[in-house]
There are 2 protein chains.
Amino acid sequence: MRSVEQIAEQLRKKGLKLTPQRRLIIDILLHDRTHPTVEEVYRKVLETMPEVSRTTVYNTIREMLSLGEVAEVQDLSDGGIRYDTTGEPHHHFFCVRCKALVDVNLDLPPMAESSTELSDCVIIKQQLTLYGLCPACRALQSQEEALEEKEAVAGR
Amino acid sequence: MRSVEQIAEQLRKKGLKLTPQRRLIIDILLHDRTHPTVEEVYRKVLETMPEVSRTTVYNTIREMLSLGEVAEVQDLSDGGIRYDTTGEPHHHFFCVRCKALVDVNLDLPPMAESSTELSDCVIIKQQLTLYGLCPACRALQSQEEALEEKEAVAGR
DNA sequence: ATGCAACTTGTAACCATTATAAACAAAAAC
DNA sequence: GTTTTTGTTTATAATGGTTACAAGTTGCAT
């Protein structure tokens, strides 16, 4: 697992400094698996260092992005860009109802070969996104459908 | 292929009206394969109907979204949300350098079964995104690298 | 043809993100 | 141990995509 120290090393190489603010923000990012928005990270930061500004969180996340330690993620839930903080490659399941985005571990063989359209491209990574209903939303959905059925029978 | 008429029918069913503006915007969306932003659609609309307001384009695209005729797409290129206007399921290749997003046709067997984490979920669709360099950017990239190499040898 | 509901338009509001400038900290140079 | 340099934080302002709103207009059913 990646450590704050490893990233500190990368920062130093680029002539950047490891400040207490950065240390905290990076630490939070490395331990978060919820694909947080900047705002969510900011709120967590305030719990420990209430004086940190929102701008610093934006800046630090941007640095992590350019280091490749964090990635922007498809966000259909609104409220800002979400960040994927996982080091290892993985895939995603997105619940179209509650907008939750969770990591999925499954093996996917390299797919680029199957396409002649991509023969001259360099493929760096591939990511699968599954769209559907999570267990909780599946239950809610069928409940609602049953209700609508009843209303329709009752004569609208 | 989907036609404006088919969508008009869907609109009528929901008690919505088919105005000239909507007809044009829908027509543009149905024939666009470039994953346009609202702004790009708006500019195309102006070529035919210079009086249409940006708001109408936003509204119509939102309606198409709720009809499921158009989908939001991961946009890492900035400049706003991009829309996928293709009816058929397909996959994406994203060039990390020039930020182009192009459709890819390849067969992907349903992957959900391989994961026990998803056993209680309903999977509606799956989409693969390939990240890499398109042919043009691949060339530019290696050119740049050669240049940097030379500078390094020259003694910085 | 008439009337209502829906639509379009321009403007203003919103909110996430980025730019800016001044105060500040930490390390390097002297 | 100062001074200098370089990078950092902070608050505030600016930007830009998107949505809300209110007034006038239009499609369409009766």
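Bear in mind that the values here come from a model prediction, so they are computed numbers and not experimental data. First the proteins, then the strands, lettered A, B, ... as listed; each starts at 1.
- Between the C1' atom of dT9(C) and the CZ atom of R22(B) lies a distance of 14 Å, rounded to the nearest Å.
- Proximity of Q21(A) to the phosphate of dA25(C): no side-chain N or O atom is located under 4.0 Å from OP1 or OP2.
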**OP:** Could you walk me through whether R43(A) and L46(A) pass the side chain to side chain contact (heavy atoms under 4.5 Å, CB included) test, one step at a time?
**Re:** CA-CA 5 Å; R43(A) 279 203 290 270; L46(A) 290 190; 5.5 Å; no
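- Here dT9(C) presents its C1' atom at 10 Å from OH of Y42(B), a figure rounded to the nearest Å.
- Ring orientation note: the planes of H90(B) and H35(B) are tilted relative to one another, at an angle of 30° to 60°.
- Contact annotation: the side chain of Q126(A) approaches that of L108(A) to within less than 4.5 Å [non-hydrogen atoms, C-beta and beyond].
- Between the base of dA5(C) and the side chain of K17(B) there is a donor-acceptor pair shorter than 3.5 Å.
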**OP:** List the steps, then state whether side chain to side chain donor-acceptor pair (under 3.5 Å) holds for E51(B) with Q21(B).
**Re:** CA-CA 9 Å; E51(B) 306 298 299; Q21(B) 293 94 329; over 6 Å; no
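- Residue whose closest nucleotide on DNA chain D sits further toward the 5' end, between N59(B) and L18(B): N59(B).
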Produce the list of close N/O pairs, under 3.5 Å, pairing protein atoms with atoms of nucleotides 16-18 of chain C; give distances to one decimal.
from	atom 1	to	atom 2	distance (Å)
dT17(C)	OP1	I81(A)	N	2.9
dT17(C)	OP2	Y58(A)	OH	2.8

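- The side-chain heavy atoms of Y131(B) and I123(A), taken from C-beta on, include no pair separated by under 4.5 Å.
- Rounding to whole angstrom units, CZ of residue R23(A) and C1' of dA26(C) are separated by 15 Å.
- Contact footprint of chain A on DNA chain D: nucleotides with an atom under 4.0 Å from a non-hydrogen protein atom, first to last in 5' to 3' order, dT6(D) to dT12(D).
- Looking at F93(B) and C134(B), their side chains come closer than 4.5 Å, going by heavy atoms from C-beta outward.
- Put simply, CD1 on I7(B) and CD on E9(B) are 11.5 Å apart, with the number rounded to the nearest 0.5 Å.
- At a threshold of 4.5 Å between non-hydrogen side-chain atoms, the residues E40(A) and R82(A) count as touching.
- When side chains are defined from C-beta on, E5(B) counts as touching R23(B), because their heavy atoms get closer than 4.5 Å.
- When heavy atoms are screened at a 4.0 angstrom cut-off, T19(A) is found touching the sugar-phosphate backbone but no base atom.
- We find that CZ of R12(A) is positioned 11 Å from P of dA28(C), with the value rounded to whole Å.
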